[in-house]
Q: 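Encoded as structure tokens, here's the structure I'll be asking about.
Ligands are counted one by one from 1 in listed order, and the atoms in each one are counted from 1 as well. Values below: every heavy atom of this structure, side chains too, minus hydrogens, waters and symmetry copies. FYI, the numbering just counts along the sequence from 1.
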Amino acid sequence: MRAIAVGRGETDPTVVEIDEPEPAEGEALIRTLRVGIDGTDHEVIGSNHGGYPEGEDFQVLGHEAIGVVEDPNGTDLEAGQLVVPTVRRPPGGDAFGSGAEPNEYFERNEPDMAPAGEYVERGIAGAHGYMAEYFTSEPRYLVPVPDEFAEIGFLVEPISNSEKAFDLAEASRSTFEWDPESAIVLGNGPLGLLTLAMLDDRGFDRHYCLGRRDRPDPTIDIIEELGATYVDSRETPVDELPGAEEPMDFVYEATGYAPHAFQTIDALAPNGVGVLLGIPGEWEFEIDGGALHRDFVLENKALLGSVNSHVPHFEAAVETLAGMPEWFTDAIVTHVFDPEDVDEAFETGDDRIKVVVEFDDL
Ligand code: NAP
Ligand code: BGC
Ligand code: ZN
């Protein structure tokens with residue numbers, strides 16, 4: 001079968017021919033429909049994040065997938081059911097993440113909270129991903145989605161990352177009466193825009209989104225269509241938001257631009273919370289540590305990191321995606337490529353938001 005993979009030491013993904021996977025006992029065979037590409041995939045290709053499956057000289061990419069059950073293979077799944085796979089698997093399985101016993105984090109359904117060494121990530125770190133005509137998985141790592149999700153279901157995974165981030169942030173403010181009004185999303189990539197579209201339902205009144213682009217730009221159009229205010233970081237740096245716009249009750253970082261992690265402390269209103277999702281490479285810079293520390297303490301601010309997500313976040317994401325307007329999901333998915341057009345699929349450009357590789361349709 002065809003798969004999209006990157007060879008060790010290489011930076012350009014190519015189409016490779018690999019054996020169709022045989023589902024082991026307790027696993028189903030899934031036919032892949034669509035797989036989305038995000039900033040993390042580009043970091044993986046550039047060897048800035050993740051790593052190859054042990055003993056393999058290539059890695060099949062892709063972690064944002066939607067597929068259809070081809071062979072339930074004795075599991076409770078039904079042939080024809082649409083499913084979205086989760087990303088993490090216990091370490092110690094084969095190159096496709098199969099065959100390892102769940103460790104304590106997986107047993108309590110919190111693999112997203114596991115430290116390094118206690119998981120692999122399909123398509124990212126230590127296991128092959130979903131950019132192949134078929135993949136196999138135990139049903140416990142597959143989230144059923146409605147039939148209408150055949151074209152957009154790959155968005156469940158990135159939305160689930162934000163469901164978790166919101167949960168963590170809200171939990172950190174749950175011991176007092178927190179009545180947030182203003183929120184900013186840092187980053188107008190696909191994760192940032194999907195998250196911006198989630199702010200209404202999370203109870204924020206005033207929404208902002210940070211980018212570094214000139215108009216006309218499709219992401220600025222979407223930001224404004226969502227009723228949010230576009231902030232250009234070249235004119236208004238994040239630490240100047242309280243003066244130029246307003247102090248933010250909530251900051252969601254999705255740029256991977258490391259200075260934003262610390263500028264977020266300045267951007268926050270008293271009692272506010274910032275959550276960091278970007279995954280920068282090595283990056284040294286100076287900060288005014290004393291002032292940040294003091295402000296952080298005296299104004300009861302919180303700053304959290306959040307990575308990955310698991311089944312409950314995926315289930316919440318299914319609801320969230322179902323409630324997103326069609327104009328929005330249409331505008332987000334800017335490019336759909338066949339696997340053969342792999343070179344084009346992994347190009348970058350300001351006209352692209354979410355790029356998708358389509359292996360099959362229903
Ligand atoms: P992306 O496509 O790379 O988007 C990042 C966006 O941030 C880009 O649109 C970029 O603008 C903008 N940006 C970067 N620096 C900026 C600056 N200084 N000022 C204003 N805008 C800036 O990535 P993504 O898929 O949306 O994901 C965002 C980040 O989250 C990535 O680092 C990704 O690895 C990470 N991520 C983490 C998790 C998690 O679980 N923690 C989950 C998914 C993704 P331009 O396009 O104009 O350059
Ligand atoms: C993926 C997460 C993963 C994270 C770190 C994100 O792009 O969506 O599932 O945990 O990268 O590798
Ligand atoms: Zn991702």
Side-chain angles (χ1 to χ4, degrees), residues 35-46 48-51 61-65 84-89 111-116 119-127 129-130 141 154-166 168 184-196 208-215 217-220 222-223 230-239 241 252-261 263-264 267 275-281 283 285 304-310 313-314 317 332 334 346 348-355:
V35 187
I37 298 173
D38 75 353
T40 305
D41 294 305
H42 286 280
E43 286 151 16
V44 169
I45 294 164
N48 295 317
H49 179 61
L61 296 168
H63 62 276
E64 297 181 353
V84 170
T86 64
V87 176
R88 288 195 173 174
R89 299 290 181 276
D112 54 307
M113 300 309 290
Y119 65 84
V120 294
E121 288 187 339
R122 297 203 59 173
I124 300 176
Y130 305 121
Y141 304 124
F154 62 89
L155 294 172
V156 167
E157 197 278 338
I159 293 171
S160 75
N161 297 150
S162 291
E163 300 283 1
K164 170 182 170 176
F166 278 117
L168 283 180
I184 186 163
V185 172
L186 310 182
N188 51 343
L191 185 64
L193 294 174
L194 286 166
T195 306
L196 189 67
Y208 300 83
C209 186
L210 185 90
R212 52 178 176 189
R213 305 249 188 105
D214 294 328
R215 296 166 198 270
D217 177 83
T219 68
I220 301 174
I222 292 172
I223 291 166
Y230 173 62
V231 178
D232 187 332
S233 70
R234 297 167 300 180
E235 289 160 15
T236 308
V238 173
D239 51 358
L241 280 166
Y252 179 105
E253 180 274 323
T255 55
Y257 184 83
H260 286 164
Q263 293 175 354
T264 289
V275 60
L276 313 177
L277 278 87
I279 306 174
W283 194 330
F285 49 88
L304 303 161
S306 180
V307 70
N308 195 247
S309 52
H310 201 52
H313 312 116
F314 277 67
I332 288 277
T334 53
F346 282 90
T348 53
D350 286 359
D351 61 329
R352 295 173 168 225
I353 304 177
K354 180 57 83 182
V355 176

Q: Is it the side chain, the backbone, both or neither of R212 that has a heavy atom closer than 4.0 Å to ligand 1?
A: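 Answer for R212: both.
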
Q: Can an N or O of D38 be found at a distance shorter than 3.5 Å from an N or O of ligand 1?
A: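 No, since none of the N or O atoms of D38 sits under 3.5 Å from an N or O of ligand 1.
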
Q: Is any N or O atom of G187, backbone or side chain, closer than 3.5 Å to an N or O atom of ligand 1?
A: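 So ligand 1 has no N or O lying under 3.5 Å from an N or O of G187.
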
Q: G192 to ligand 1: N or O pair under 3.5 Å?
A: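 In fact, backbone or side chain, G192 has no N or O that close.
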
Q: Between N308 and ligand 2, which residue portion shows a heavy-atom distance shorter than 4.0 Å: side chain, backbone, both, or neither?
A: both

Q: When you look for heavy atoms under 4.0 Å from ligand 1, do you find them on the side chain of T255, its backbone, both, or neither?
A: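 Under 4.0 Å from ligand 1, T255 contributes backbone and side-chain atoms.
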
Q: At what distance is the nearest protein heavy atom to atom 6 (C) of ligand 2, and which residue and atom is it?
A: T40 OG1, 3.5 Å

Q: Tell me the protein heavy atom at minimum distance from atom 35 (C) of ligand 1, and give that distance in Å.
A: L277 O, 3.5 Å

Q: Find all atoms of ligand 2 within a distance of less than 4.0 Å from any non-hydrogen atom belonging to V87, and give their numbers and elements.
A: 9 (O)

Q: Assess D38: does it contribute an N, O or S atom lying under 2.8 Å from the Zn ion (ligand 3)?
A: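 Yes, D38 qualifies, because one of its backbone or side-chain N, O or S atoms lies under 2.8 Å.
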
Q: For atom 8 (O) of ligand 2, which protein heavy atom lies nearest, and how many Å away is it?
A: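 Protein heavy atom with the smallest distance to atom 8 (O) of ligand 2: E157 OE2, 2.8 Å.
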
Q: Out of all atoms in ligand 1, which are within 4.0 Å of some heavy atom of V307? Include the element for each.
A: 39 (C), 40 (O), 41 (N)

Q: Considering only protein heavy atoms, which is closest to atom 12 (O) of ligand 2, and at what distance to one decimal place?
A: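 Answer for atom 12 (O) of ligand 2: E121 OE1, 2.5 Å.
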
Q: Quick one: nearest non-hydrogen protein atom to atom 46 (O) of ligand 1, plus distance?
A: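 Looking at atom 46 (O) of ligand 1, the protein heavy atom closest to it is R213 NH2, 2.9 Å.
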
Q: Salt-bridged, D232 to R215, with N to O below 4.0 Å?
A: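 Between R215 and D232 there is no salt bridge, as every charged N stays at least 4.0 Å from the carboxylate O atoms.
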
Q: Say you draw a straight line from NE2 of H63 to CZ of R88; how long is it, rounded to the nearest 0.5 Å?
A: 11.5 Å

Q: Take F346 and H42 through the side-chain contact (heavy atoms from CB on, under 4.5 Å) test and state the conclusion after the steps.
A: CA-CA 8 Å; F346 282 90; H42 286 280; 4.1 Å; yes

Q: What do you reckon, does I279 put a non-hydrogen atom under 4.0 Å from ligand 2?
A: yes

Q: For the backbone of G211 and the side chain of R234, can you confirm whether one donor and one acceptor N or O come within less than 3.5 Å of each other?
A: no

Q: Which value, rounded to the nearest 0.5 Å, describes the distance between E253 atom CD and L191 atom CG?
A: 9.0 Å

Q: Look only at the side chain of T236 and the backbone of L241, and say whether a donor-acceptor pair between them is shorter than 3.5 Å.
A: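 Answer holds: no.
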
Q: Using a 4.0 Å heavy-atom threshold (strictly under), name the region of L186 that reaches ligand 1: side chain, backbone, both or neither.
A: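 For L186, there is no contact with ligand 1 at all, from either part.
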
Q: For P280 and W283, which heavy atoms make the closest approach, and how far apart are they?
A: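 Scanning both residues completely, I find the closest heavy atoms to be CB-CE3, 4.2 Å.
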
Q: Distance to 0.1 Å, residue and atom name: give those for the protein heavy atom nearest to atom 5 (C) of ligand 1.
A: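 The protein heavy atom lying closest is A254 O, 3.6 Å.
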
Q: Under 3.5 Å, is there a donor on one side chain and an acceptor on the other for S309 and D112?
A: no

Q: What orientation do Y257 and H260 show, parallel under 30°, tilted 30 to 60°, or perpendicular over 60°?
A: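 Tilted: the ring planes of Y257 and H260 meet at 30° to 60°.
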
Q: Considering distance alone, does some N or O of D350 sit under 3.5 Å from an N or O of ligand 1?
A: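 For ligand 1, there is no N or O atom that lies under 3.5 Å from one belonging to D350.
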
Q: Side chain, backbone, both or neither: which applies to P190 and ligand 1 if a contact is any heavy-atom pair less than 4.0 Å apart?
A: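 Both backbone and side chain of P190 come within 4.0 Å of ligand 1.
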
Q: Any atoms of ligand 2 less than 4.0 Å from a non-hydrogen atom of I124? List them with their elements.
A: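 Near I124, the atoms of ligand 2 are 1 (C), 3 (C), 11 (O), 12 (O).
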
Q: CG/D217 to CD1/I222 distance, rounded to the nearest 0.5 angstrom?
A: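 Answer rounded to 0.5 Å: 9.0 Å.
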
Q: If you round to the nearest 0.5 Å, how far is OG1 of T195 from CG of N161?
A: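 Result: 8.5 Å between the selected atoms.
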
Q: Kindly give the atom name of the N, O or S atom of H63 closest to the Zn ion (ligand 3).
A: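 Of the nitrogen, oxygen and sulfur atoms in H63, the Zn ion (ligand 3) lies nearest to NE2.
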
Q: To the closest 0.5 Å, what do you measure between CD1 (I184) and SG (C209)?
A: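 One gets 7.0 Å once the value is rounded to the nearest 0.5 Å.
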
Q: Just to check, does E64 reach to within less than 4.0 Å of ligand 2 when the distance is taken from its heavy atoms?
A: no

Q: Just let me know how H42 lines up against ligand 1, side chain, backbone, both or neither, with a heavy-atom cut-off below 4.0 Å.
A: neither

Q: Is there a side-chain contact between Y141 and P85, using heavy atoms and a 4.5 Å cut-off?
A: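 Y141 does not reach P85 side chain to side chain.
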
Q: Mind checking the CG-OH spacing from L186 to Y252? Nearest 0.5 Å is all I need.
A: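 That separation rounds to 10.5 Å.
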
Q: Do you know the tightest heavy-atom contact between K164 and N308?
A: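 Residues K164 and N308, closest heavy atoms: CD-O, 3.1 Å.
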
Q: Starting from atom 9 (O) of ligand 1, what is the nearest protein heavy atom, named by residue and atom, and what distance separates them?
A: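 For atom 9 (O) of ligand 1, the nearest protein heavy atom is N188 OD1, 3.0 Å.
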
Q: When you look at L168 and V275, which way does the side-chain contact (heavy atoms from CB on, under 4.5 Å) test go after all the steps?
A: CA-CA 8 Å; L168 283 180; V275 60; 5.5 Å; no

Q: At their closest point, which heavy atom of S233 faces which heavy atom of L210, and how far apart are they?
A: CB-CD1, 3.7 Å

Q: Taking C-beta and beyond as the side chain, do D351 and T334 meet within less than 4.5 Å on heavy atoms?
A: no

Q: For atom 42 (C) of ligand 1, what's the nearest protein heavy atom and its distance?
A: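 Of every protein heavy atom, N161 OD1, 3.1 Å lies nearest to atom 42 (C) of ligand 1.
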
Q: Give a yes or no on whether the backbone of I37 and the side-chain of K354 come within a donor-acceptor separation of less than 3.5 Å.
A: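 At least one qualifying donor-acceptor pair exists.
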
Q: Of the protein's non-hydrogen atoms, which lies at the shortest distance from atom 31 (C) of ligand 1, and what is that distance?
A: E43 OE2, 3.7 Å

Q: Starting from atom 6 (C) of ligand 1, find the nearest protein heavy-atom neighbour and note its residue, name and distance.
A: G189 N, 3.6 Å

Q: Nearest heavy-atom pair of N188 and T219: which atoms, and what distance?
A: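 What the structure gives for the nearest pair is ND2-OG1, 3.0 Å.
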
Q: Could you say whether the N/O atoms of L191 and ligand 1 ever approach to under 3.5 Å?
A: yes

Q: Atom 19 (N) of ligand 1: which protein heavy atom is closest, and how many Å away?
A: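 The closest one turns out to be S233 OG, 2.7 Å.
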
Q: Below 4.0 Å from any atom of ligand 1, is there a heavy atom belonging to S306?
A: yes

Q: May I ask you to identify, for N161, whether its side chain, its backbone, both or neither come under 4.0 Å of ligand 2 on a heavy-atom basis?
A: side chain

Q: Which residue and atom name correspond to the protein heavy atom nearest atom 4 (C) of ligand 2, and how close is it?
A: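 Closest protein heavy atom to atom 4 (C) of ligand 2: V307 CG2, 3.9 Å.
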
Q: Compute the minimum heavy-atom distance from H260 to ligand 1 and say whether it is under 4.0 Å.
A: yes

Q: Tell me the nearest of P280, G281, G278 to atom 30 (O) of ligand 1, using heavy-atom distances.
A: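 Nearest heavy atom to atom 30 (O) of ligand 1 lies in G278.
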
Q: With heavy-atom distances below 4.0 Å as the criterion, list the atoms of ligand 2 near H49.
A: 5 (C), 12 (O)

